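All values reported here derive from a predicted model rather than from experimental measurement.
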Amino acid sequence: MSFTYMMGLLGGLALFLYGMQMMSTGLEAAAGNKMKVVLERLTANRFVGVLAGAVITAIIQSSSATTVMVVGFVNSGMMTLNQAIWIIMGANIGTTITGQLIALDVGELAPLAAFVGVSAIVFMKNEKAKHVGEIMAGLGVLFIGMDMMGTAMEPLARSERLVSVLTRFENPILGIAAGAVFTALIQSSSASVGILQTLAGSGVIGLKSAAFVLFGQNIGTCITALLASAGTSRNAKRTTLIHIMFNIFGTILFTILCLATPIIFVVEGWTPGNASAQIANLHTMFNIVTTLLLLPVGTYLGKLATVLLKDRKSNDKTEGMQVRYLIDIKHINTQKLGASVICMEGIKKELLRMM
């Protein structure tokens, strides 16, 4: 692979990741307060919870952001563990919208979207208009980056060495491990799935190999919530564990289906000749089917998480008055969505307890 193609690949990857982050940041800023209100008023109804998780994640295009927000809400006592289960299930469905957007052939409009977005950011004074501009610019930059990567990867499709390496991903263990590690490193399943779609669209990797990498990516995305749960309450850690169990169950199920049934050929038949759409459809199927299967037994997932992560026995013998709810606030990342709501709720509970 020549130096020129390598630079094109790295530059395209940089633009893709930056566009993804830019779009996600703009969406969070534009709709953040409304999302927090929805989660605060959430009932224990599982269907409403799944729908709310799917819609919110589809809006901000980041299941990691939704899951981290839910972990924070559970940690502060604003949400129960059972409510969090339904939100997480919905978040896994909502995150597939990014892959579906990438599968659409709108690359020719990318420069126009970037121009309109940047113009709004530079010339508009209204904050909402700036946020919308950030979304547009991010979307445009994302597709420009994908186009650059696709161009740089075309020679790779003719590289026998690389093709032989990627063919090994037909081994489920290798494919799942590769997908999980890569997604854990960049902490975004949407971005890693988009890169996989670009590889497939360039003919570098087939759906048979990409499928197992895709399943691993669903496991790798749990790393963000796992990091966010460090130092939190037991229930917050259980929320993260449920997220991991959900994706592991889905991965085992779909790995068996891929090995024992012609599901790959069925998915290929839906959109023949469009590898990017095939990956997006398989990703959507993975999360919808897993959610439908686990929805009736969601509460048992919570009980299993409680069994695996039992409450610790308190050894605290410190005398005198102590805070209870403000202890958890010091672990909150103030840059994360929903942080202000969590802190305010903790302060309110502590004041009521003092009274």
Side-chain angles (χ1 to χ4, degrees), residues 50 53-54 57-58 63-64 67 85-86 88-100 102-103 166-184 188-197 199-201 205-226 240-272 274-298 300-301 304:
V50 170
T57 307
S63 60
S64 297
T67 308
I85 293 170
W86 318 129
I88 288 171
M89 288 184 178
N92 282 280
I93 295 175
T95 193
T96 63
I97 192 67
T98 308
Q100 295 293 349
I102 290 172
L166 293 179
T167 304
R168 295 178 186 175
F169 290 160
E170 290 184 11
N171 181 313
I173 297 175
L174 289 177
I176 291 168
V181 170
F182 181 69
T183 307
S188 173
S189 63
S190 297
S192 62
V193 170
I195 293 168
L196 185 64
Q197 286 176 282
L199 281 167
I205 187 171
L207 184 62
K208 192 174 181 181
S209 298
F212 299 117
V213 178
L214 178 67
F215 303 153
Q217 288 170 336
N218 283 276
I219 295 175
T221 192
C222 298
I223 189 67
T224 309
L226 191 64
T240 303
L241 181 59
I242 290 168
H243 188 208
I244 296 170
M245 287 192 295
F246 176 95
N247 287 295
I248 288 177
F249 172 80
T251 297
I252 293 172
L253 171 67
F254 271 82
T255 298
I256 294 171
L257 287 176
C258 285
L259 295 174
T261 69
I263 188 172
I264 295 295
F265 298 106
V266 172
V267 174
E268 286 177 335
W270 291 345
T271 54
N274 190 340
S276 182
Q278 290 166 7
I279 289 175
N281 291 334
L282 183 60
H283 191 206
T284 302
M285 181 196 289
F286 175 97
N287 286 291
I288 290 178
V289 171
T290 304
T291 298
L292 290 176
L293 289 176
L294 292 180
L295 193 60
V297 296
Y300 293 102
L301 281 178
L304 178 59

Considering only heavy atoms from C-beta outward, does the side chain of Ser189 approach that of Asn218 to under 4.5 Å? no
List the residues meeting side-chain hydrogen bond (donor to acceptor under 3.5 Å, both in side chains) with Gln197, not counting sequence neighbours, and say none if there are none. Ser276
Just jot down the side-chain hydrogen bond (donor to acceptor under 3.5 Å, both in side chains) partners of Thr67, sequence neighbours excluded, or say none. none
Taking only residues two or more places apart in sequence, or in another chain, which ones meet Phe286 in a ring pair (Phe, Tyr, Trp, His ring centres under 6.0 Å)? Phe215, Phe254
Could you pull out the closest heavy-atom pair between Ser63 and Ala91, with the gap in Å? CB-O, 3.7 Å
Of all the heavy-atom pairs spanning Gln278 and Val267, show the shortest one and how long it is. O-CG1, 3.4 Å
Across all chains, not counting sequence neighbours, the side-chain contact (heavy atoms from CB on, under 4.5 Å) partners of Ala191 are Phe16, Leu17, Met20, Ile186, Ser188
Leu196 side chain reached by Phe182 side chain, heavy atoms, under 4.5 Å: no
Rounding to 0.5 Å, atoms CG (Asn281) and OG1 (Thr271) come to a distance of 5.0 Å
Which atom names give the shortest non-hydrogen contact between Thr240 and Ala225, and what distance separates them? OG1-O, 3.4 Å
Donor-acceptor contact below 3.5 Å, side chain Gln100 vs main chain Ala280: yes
Checking Ile85 now: which residues fulfil side-chain contact (heavy atoms from CB on, under 4.5 Å) with it, not counting sequence neighbours? Asn82, Met89, Ile242
Within the side chain of Ser209, is there an N or O that forms a donor-acceptor pair under 3.5 Å with the backbone of Ile205? no
Can you tell if the side chain of Ile263 reaches within under 4.5 Å of the side chain of Met285, non-hydrogen atoms only? yes
List the steps, then state whether side chain to side chain contact (heavy atoms under 4.5 Å, CB included) holds for Phe246 with Thr291. CA-CA 8 Å; Phe246 176 95; Thr291 298; 3.4 Å; yes
Decide side chain to side chain contact (heavy atoms under 4.5 Å, CB included) for Cys222 and Asn247; before the verdict, give the C-alpha distance in whole Å, the side-chain angles of both, and the deciding distance to 0.1 Å. CA-CA 8 Å; Cys222 298; Asn247 287 295; 3.4 Å; yes
Does atom CG (Leu259) have a neighbourhood of more than 12 heavy atoms from anything else shown, all under 6.0 Å? yes
How far apart are the closest heavy atoms of Asn274 and Ala103, and which atoms are they? ND2-O, 4.2 Å
side-chain hydrogen bond (donor to acceptor under 3.5 Å, both in side chains) with Thr251: which residues, sequence neighbours excluded? none
Mark yes or no for whether Glu268, through its side chain, and Leu207, through its backbone, hold a donor-acceptor pair below 3.5 Å. no
How long is the span from the CG atom in Leu301 to the CE atom in Met245, to the nearest 0.5 Å? 5.0 Å
Could you give the distance from CG (Leu214) to OG1 (Thr183), rounded to the nearest 0.5 Å? 9.0 Å
The test is side chain to side chain contact (heavy atoms under 4.5 Å, CB included); show your working for Ile97 and Thr57 and say whether it passes. CA-CA 9 Å; Ile97 192 67; Thr57 307; over 6 Å; no
Is there side-chain contact between Phe265 and Lys208, with heavy atoms separated by less than 4.5 Å? no
Give a yes or no on this: more than 12 heavy atoms of other residues, nucleotides or ligands lie within 6.0 Å of atom CZ of Phe249. yes
Can you tell me if Thr96 uses its side chain to pair, donor with acceptor, with the backbone of Ile93 under 3.5 Å? yes
Between Gln217 (side chain only) and Ser192 (backbone N and O only), is there a donor and an acceptor less than 3.5 Å apart? yes
Are side-chain heavy atoms of Thr290 and Asn92 found at a separation under 4.5 Å? no
Val213 and Ile176, any side-chain heavy atoms less than 4.5 Å apart: no
